[in-house]
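Heads up: the structure comes next, in structure tokens.
Atoms within a ligand are numbered from 1 in the order they appear, just like the ligands themselves.
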Amino acid sequence: MRKKFVFVLILICSVSFAFGQNREKIDINEGWRFFRYENNPDSLIYDERPAVFDKNDVKDADTRATLQNHGNASNKSLKMYILPTANEFIKDKNKHYERPDGNPGKDFPFVKNDFNDSDWQYIDLPHDWAIDKPFYTEENAIVGGGMGRLPVQGVAWYRRKIDIPKSDSGKEIYLDIDGAMSYAMVWLNGNLVGGWPYGYNSFRLNLTPFVNFEGDNQLAIRLDNPTNSSRWYPGAGIYRNVWLVKTSPVHVAHWGTFIKTENISEKSATITISIDIDNNSTKNQDVEILTDIYRLDNDLKISGNKVATFPKQNIVIEAREKSKIRNTVNIKNPLLWGVYSQQEQNMYLAINRLFINNKLIDTYETRFGIRDIKFDAEKGLLINGEKIRIQGVNQHHDLGALGAAFNLRAAERQLEMLRELGCNAIRLAHNPPAPELLELTDRMGFLVIDEIFDCWEKGKNPLDFHLIFPDWYEADIRAFIRRDKNHPSIIAWSFGNEVGEQYTDEPGAAVAWKLAALVKDEDSTRPTTASMNFAKPDMPFPQTMDIISLNYQGEGIRDAAAYSHLKGIKTPPLYRAFHQKFPDKMIVSSETASALSSRGTYFFPVFAGNSAPVSEDSGGNDTLRQVSAYELYTSPFGSSADKVFAMQDNHPFVAGEFVWTGWDHLGEPTPYYSSRSSYCGIIDLAGFKKDRFYLYQSRWRPELPIVHILPHWNWESRTGQITPVHIFTSGDEAELFLNGKSLGKKKKDKFEYRLRWDSVVYEPGILKAVAYKDGKQWAIHEVKTTGIPVKIALSADRNVIDADGKDISFVTVRILDSDGNLVPNADNKIWFEISGTGEIVATDNGNPADMISFASKERSAFGGLALVIMRGKKGKKGEMKLTARSERLDSGSVIISSR
Ligand code: GAL
């Protein structure tokens, strides 16, 4: 049964809120001071880095990863002071790091309480220092296309006073940073507390030993973002939320609960909870633990009475030790968590209460879902007994023109559009997300492959994670799983993407076994995987995986005729070979397609086959830096959607696919590295649908009447010339008409996913497609030759937003002709103005080659569209009016209220 989905946005307000008695989680995102060195940064380095000789980021993504770190630790570096932060996540106590004597950096002005930072920039977090800056457009820029041509590089500092009243003395005070890019090192009151180099993981620091309960407390955080460290735009800064957590000395440990659900039937489910409890006090403590379970409604609020209570437990925890306890209870008639839209998304909440001498000392909450998952080598994925085909996409962490700075509404909008597409699964390429994203996937019913690394010992970029892999892999993997393991949406842990270790047989497999063992040690309930674009069935590497995740190998790499001239990995289609070798393992394509296109842009002639690599004479244009949206063109190792669908349908045991990608992302602008963002999304960077959207939607939502014509029909200069027309439909046949004249009816053959009329001779007018399903009329689409642009129309996705300084509205700008038709090739330059209670945060148009800064209030339309992202000023209730003007066009406006 499908349930109507009601989503109420929970906004993270910057007020302190009780998180249960004796535990407080305080949002400290507001009021930071920020400073970035333009040149000559300080010498408080985490570690020396190797000199970079190969700065070239124009490489095929599947280039073999070979770089290896040979150790550069210098005694000037602060690494030995930071590594102890990892101890919590290193199981073997003998391998724990001991902090050396001393307090590096203590004399450095920026860490001192009395340093005057009043001339530093005033900012709120989450913050991405690069996103609103001008793009580097020169050749050999310091940050090239791969990393997005924005100034992410360099060292920066964040400072903020934190309020810790005298009444907190005796409490434990923690700093929780959900993500800081990168090499974070934190000082409190001039003392180096610790840090975390990997920019995608969340981490906690215990501030307690350095807190001044009598006065001022000054935080100073240093970040250091190297160039040549990423294959995509990493973002820069403290780009996720930051919290202060206060607990009593005895409390549930950080990410300290793990809830397993088993023996699931309609009548009951067994819930097992394990709870880690820290006793940071100096005496042994006799602790009583009570745990109740409640049902949550769609807004994640407790609904109704408790549904179960675990047996009461007592435990004595020794001074300065931690203990783990387990407990089990049955829930009657459990309501299950499942996938949208086939199933419901029911969630529960476990509340632990800890008592000492009958006094409540800690309350800790864990959301979870009850679901049964089977990974079947023949049937694919079964959730709660029902087969679910994986209709997935890969998603990068950036939010387009907002950069890496996490914004809940922007993330929700991405998922809303993916739902509309019929997508039900997301692979987080290739790093852990903001924690709030997983709350969204839980609520909205997406399946998630949570992924941590793009490389291990063998790097892909001179200064990427491989430099710190030996020191940090265990801590990073354990931290990643501990944070996320209670999310029902996560179905598998991926500990690598296309790693160089695939190529080294036994030594590479040994690394994979080691990492897989860590994953299992943290969570034995979910399968492990790592995506393979090279490892073959007979190699030792795939044996290390519970799920066989193939990148492009299933449909074959550079193996069709149009690809035969290319250099690089060549692979025949391998689904069957993997299936034969691993008859008990589920196979999924963790990356398919890598098809490329620029929304609304079409080049001629059109490739006659169903998949071809982009080149100057086939689908691409080096001067414009655009790829034709006939949706037939791909990266050198990719395949069009059509080719992938055919291969998937030929191999029904494959559980499904994750398309590369759902949305365009910043950086990695294959094949045009002088651009700023990628061409591989089904949806462009601004959130506008490419033609491909309808190709996937037709397949993923077969019940929805869809027919979609491409290209647009404004081709004045092509009159009399052949201009192919293609149709995507969820029907099985369609008839095409040009100016009322039938150009014939066509039916999809087996393994055919589009209908093509490749010899249409262009004449202006109206193209109309009538689709049929099972012989009955199913859907109609018309495309018209429009008049010239005459006006601008604005429409907001939400006309009422919260005045909390975070909530945003996405305004679509359309260039229309006098009849109100969108002019599909309009590129008019538009000026935006705002009055009232709001501000313009960014503008975009989804054009990967548009090098105008996202902060600009001038933006040319691309394919007739542009986007303005608006935000209400904090605390200012009322109305804001956005006006768009352009030469020779009637201006447009929209009013949004903030409340
Ligand atoms: C894959 C890689 C992705 C991305 C993609 C580009 O090989 O895993 O991260 O680079 O290619 O098309």
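Salt-bridge check for Arg231 with Glu668: passed, with a basic side-chain N closer than 4.0 Å to an acidic carboxylate O.
Below 4.0 Å from some heavy atom of Phe637 lie the following atoms of ligand 1, by number and element: 6 (C), 7 (O), 11 (O), 12 (O). Below 4.0 Å from some heavy atom of Glu498 lie the following atoms of ligand 1, by number and element: 1 (C), 2 (C), 7 (O), 8 (O). The ligand atoms of ligand 1 that sit less than 4.0 angstrom from a heavy atom of Asn551 are 8 (O).
Residues Arg754 and Asp642 meet the side-chain proximity criterion, which asks for heavy atoms closer than 4.5 Å.
Of the protein's non-hydrogen atoms, Ser594 OG, 2.4 Å is the one closest to atom 12 (O) of ligand 1.
When the heavy atoms of Tyr679, Phe534, Trp660 are ranked by distance to atom 6 (C) of ligand 1, first place goes to Trp660. The closest non-hydrogen atom to atom 1 (C) of ligand 1, taken over Glu668, His430, Glu591, comes from Glu591.
With a 4.0 Å cut-off on non-hydrogen atoms, Asn533 does not touch ligand 1 at all. Here Asn497 has side-chain heavy atoms under 4.0 Å from ligand 1, and that is the only part of it that gets that close. Residue contacts with ligand 1, taken as heavy atom pairs separated by less than 4.0 Å, involve Tyr552 solely via side-chain atoms from C-beta onward.
Classification of the Tyr200-Tyr198 ring pair by plane angle, with boundaries at 30° and 60°, yields perpendicular.
In this structure, Lys133 is not positioned above the aromatic face of Phe135 in the sense of NZ or CZ being under 6.0 Å from the six-membered ring centre and within 45° of the axis. Geometric assessment of Lys690 against the ring of Phe728 yields a negative cation-pi assignment under the 6.0 Å and 45° thresholds.
Side-chain contact check for Glu657 and Thr592: at least one donor-acceptor pair (N or O, by modelled atom type) lies under 3.5 Å.
The only option from Gln553, Gln502, Glu591 that meets the side chain to side chain donor-acceptor pair (under 3.5 Å) definition with Asn533 turns out to be Gln502.
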